[in-house]
Structures are given as C-alpha cells and as structure tokens.
Amino acid sequence: MGRLVMKFGGTSVANIDRIRNAARHVKREVDAGHDVAVVVSAMAGKTNELVEWCRDASPMHDAREYDAVVASGEQVTAGLLAIVLQGLGIQARSWQGWQIPIRTSDAHASARILEIDGADLINRFRERKEVAVIAGFQGINPQTGRITTLGRGGSDTTAVALAAALEADLCEIYTDVPGVFTADPRVVPTAHRIPRISFEEMLEIAATGGRVLSLRSVEFARNHHVPLLVRSSFTWEPGTVVTEEDPSMEQPVVSAVTHDTSQAKITLSGVADRPGIAAALFRHLADRSINVDMIVQNISHHGTTDISFTVPRDDVEASREVAASMLDTLGAAEVVTDEGVATVSLVGAGMKTHPGVTATMFETLAAEGINIEMISTSPIRISCMVRAEVAERAVQVLHGAFELDAPS
Ligand code: ADP
Ligand code: ASP
Ligand code: MG
C-alpha cells in the first residue's frame, strides 16, 4: 500500500463523462489499497473563458479580483469529481486551496507555493480512508486571506507540491497524450513516447515550449525528489517516468525537439557601448517582473551596438514601454518589437559529450532555407529563433535529422 497524488488536466475533466472516466482511474487505485489525493484542473477551455471575461470587464483589472474569478473553474471540477466518486461508493471530499491551506506568495496571478499543511488530509486517510479532491491552480495569501492563482498550467505545480507535502510515493499526471514525446505529437505525427526521462531534460523541455508539464512543477519535483508519471487518462499505455538521472544508462544525444511560439523579440538599436548600459536596461525590466530569455548584443561600430532580447508575448507592451522610456539613458536610437518569432530547441543529456549536434542542427535548418535569428545554449540544450511560420517545419525536419522518428 502506498500514497498517490493523481492530477487530471482540463481535457481529462472536460465534461461529466470524462469526470466519470477520471473517477474510474481513482477507484482503481483506491481498490488497490492506496491513499489517494486527486488534483483537478478546470474543464478544458474554462480558464481561457474566465481570463477573457476579466479582460472584457476591464483591461486594467485588479489582480486580486482576477484570481477570485479564474480560481472558480477548479472549484467546480473538484466538487463534481467528489460527487461522482461518492456515487461509486468511495469516501471523497473536495478541498479549495484556502481550505487545506495551500499558502502562497502575494504575487497574484503568478503566486508561488510557500507551504502546504498536509496534516488534515493525512489524518483523514488514516481515520476514514477518504479520498481528497483538491482544486488545482489556487492557494491563499496568508497575509491578506485572499485567493491566489499560480499562473497558467499551475495545477501541475499544485499536484507536485502536494505530493511533496504528503510524502507521496508517486505523482501521476493524467493528460490527453500518453506521456512525454520526442516532439509535440500534434506537430510531429511520427514522434514517440519517451519511457523515462531525467528531471534536467524535462526542465529544458518544459522551458522551451513542451507544455505537457509546467516548468515550475518540474523544478519542484526535482528539488523535492518527487517522481512523476505522465500518462493518458484515455489509454492504458505505460506513460513516461520523470525521475533522477540514471548514471548507469547511456544518455541519448537528442531526446526531444521542442518549439515555443509564446515569446517576442525586442531590439534596441544604436545603444551606447559602455559599462552599465545592459545592467540599467535589464534591471528596469526585472523591476517590472519581466522574464527575459535570450539576449544578443552585436559587436559595436563607432561606439554603438544593437541589443535584442526575448520576453513572453504578454509582456511585449510593458517591455516596449520600459525600453522606450530609457532611450535617452541608453543613448539608443529606437526600439522595435517583433511578435512573428518562435524558438525551436534540441534537448538531450548526451549533448554534453557529443560534439557536432549544433553543426547538424544548423545544417538541417539551412537545407530547408530556414534563417536563424538568435541562438542560445545550455549544456543539454540548443535553441534557435526562427520565423514563427516555419517553426513547425523546423521541428519536423530536426526530428527526422536526429533519427527520432518512430519506425513505421
Ligand atoms: P493538461 O490540460 O492535461 O494539463 P496540456 O494541454 O497542458 O494538458 O499538455 C498536454 C499537451 O502538451 C499535449 O496535448 C501536447 O499537444 C502538448 N505537448 C507539447 N510538447 C509535448 C511533448 N514533447 N510531449 C507530449 N506532449 C506535448
Ligand atoms: N486551469 C488552469 C489553466 O488552464 C490551470 C491548469 O489547468 O493547470 O491554466
Ligand atoms: Mg497543462
């Protein structure tokens, strides 16, 4: 007998039939004698609708009220799953973030989990064998008592943090694909499931657009040693285990090809080339909580240079404002924003020891006539910025070039 956290994403609870299907998975684990906590997302599309309503109500809405609105989607599915489980004769109770409580930072709309008190849930496992159904994505700001949310995709983080707090043996992530694939299976039909992957590689996949797990959830799992199993709620395939690297195993050179269309490029031209300029610019961006990813600065000509960097598309306007307000300080001529970009990345732990991956990546893109606008690397990742309209093609040819296509 063990303890399990099972998380069901939006597609897996998209309607009552799917909630019944999720309940059957829960029943299987309860019947096997496990303590089970379930984390649910809102029904597919619901959070988008709620976000849109807030924008419609006022583009400059109060973040605390945004959280009050968008947290409601998970409240509904938690209650519904508890009802369906009870109908199957299983003791179950739903919990909102504040009822556990899941204490978070005060950064409304992108709060971080600080602490989860799992004592009550553990008692209920012991005393009544009760399944806990927890609304994902939401918590409480302990200072104000207000509801917070964790940022889009945050239910994965709820599940992993809860698994750590409950000292669960495994955190299962049920989604609409049977695991982590060598590329997004919607873009590369020949992509195949990766049976086992390290936290490090999964972090890079999540950070470069492989949205099957949220980045923060993987960070949390790695830091707290929570093994993950990503699997489909619709098939019985064995899924993908995400866990510590196994040093005895040969590392694949390239494990996955990812793409990300959620970033935009900002270029400042004619920037003065002297110490302190980049520091001033990126400090001001950081003060507005803008996450910068790639940065490229060109060689200077006649004492001026160009700086380009990428930011999440939602932050383009704020970034442009910051840069424009600093034109004089930076001695810069102009700021240009470009939302027509995407990044394609190769991820693989074996890259550390195999030269030539970068060259093959560039040759493959060149052979397709795809121009590379920016490049960034880590020891186990190479990312290239390309035009958004060729990103999917780039993923497909790279997937083939690195022999990741499943044998047909
Ligand atoms: P959920 O609602 O269950 O959280 P998401 O939509 O957040 O599901 O994540 C699942 C989706 O992630 C899949 O439908 C798939 O299109 C996409 N995806 C992107 N990259 C990958 C990958 N490398 N492996 C598997 N799925 C991926
Ligand atoms: N419902 C939230 C979202 O769509 C959280 C989640 O599903 O993980 O972003
Ligand atoms: Mg998700």
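Every number for a ligand or one of its atoms is a count from 1 in the order of the listing. We count residues from 1, following the sequence as given.
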What's the spacing between D260 CG and T343 OG1 if we round to 0.5 Å?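 If I round to the nearest 0.5 Å, the distance is 4.5 Å.
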Value for CD1 (I370) from CZ (R393), rounded to nearest 0.5 Å, stands at 7.5 Å
Shortest non-hydrogen contact from I134 to I100?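 Residues I134 and I100, closest heavy atoms: CG1-CD1, 3.7 Å.
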Which pair of non-hydrogen atoms, one from T11 and one from R18, has the smallest distance, and what is that distance? O-NH1, 3.0 Å
Within the side chain of [X], is there an N or O that forms a donor-acceptor pair under 3.5 Å with the backbone of [Y]?
X    : Y    : value
H259 : V344 : no
R193 : T240 : no
E201 : A349 : yes
Q138 : G97  : yes

Heavy-atom contacts under 4.0 Å between K46 and ligand 2: side chain, backbone, both, or neither? neither
Nearest protein heavy atom with distance in Å, relative to [atom]:
atom                    : answer
atom 6 (C) of ligand 2  : S155 OG, 3.4 Å
atom 5 (P) of ligand 1  : R211 NH1, 3.8 Å
atom 27 (C) of ligand 1 : V212 CB, 3.8 Å
atom 24 (N) of ligand 1 : F181 N, 2.8 Å
atom 16 (O) of ligand 1 : R186 NE, 2.7 Å
atom 21 (C) of ligand 1 : D184 CA, 3.7 Å
atom 3 (O) of ligand 1  : T175 OG1, 2.7 Å
atom 7 (O) of ligand 2  : S41 OG, 2.9 Å

Among E74, R152, M43, which one puts a heavy atom closest to atom 5 (C) of ligand 2? E74
Identify which of V187, I194, D176 has a heavy atom lying nearest to atom 10 (C) of ligand 1.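 Of the listed residues, D176 has the closest heavy atom.
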Check this for me: does any side-chain nitrogen of one of K46 and E49 sit under 4.0 Å from a carboxylate oxygen of the other? yes
So is G10 polar-close to ligand 1, meaning N/O to N/O under 3.5 Å? yes
Would E204 and S378 count as having a side-chain donor-acceptor pair, cut-off 3.5 Å?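 E204 vs S378: donor-acceptor pair found between side chains.
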I'd like to know if [X] contacts ligand 1, where contact means a heavy-atom distance under 4.0 Å to any ligand atom.
X    : answer
G179 : yes
A183 : yes
S41  : no
K7   : yes

Which is it for V177 and ligand 1 at heavy atoms under 4.0 Å: side chain, backbone, both or neither?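 Side chain only.
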Counting only nitrogen or oxygen atoms and a 3.5 angstrom limit, does F137 reach ligand 2? no
Counting only heavy atoms not in E389, do more than 12 sit closer than 6.0 Å to its CD atom? yes
Hey, is CZ on R124 packed in by over 12 heavy atoms from elsewhere, all under 6.0 Å? yes
Quick one: does G154 get within less than 4.0 Å of ligand 2, heavy atoms only? yes
Does ligand 2 have an atom that lies less than 4.0 angstrom from a heavy atom of G10? no
Quick one: which ligand 1 atoms are inside 4.0 Å of a heavy atom on V180? 24 (N)
Go through the steps to decide whether E52 and R55 satisfy the test salt bridge (Lys or Arg N to Asp or Glu O under 4.0 Å), and finish with yes or no. CA-CA 5 Å; E52 210 41 56; R55 288 197 183 129; 3.7 Å; yes
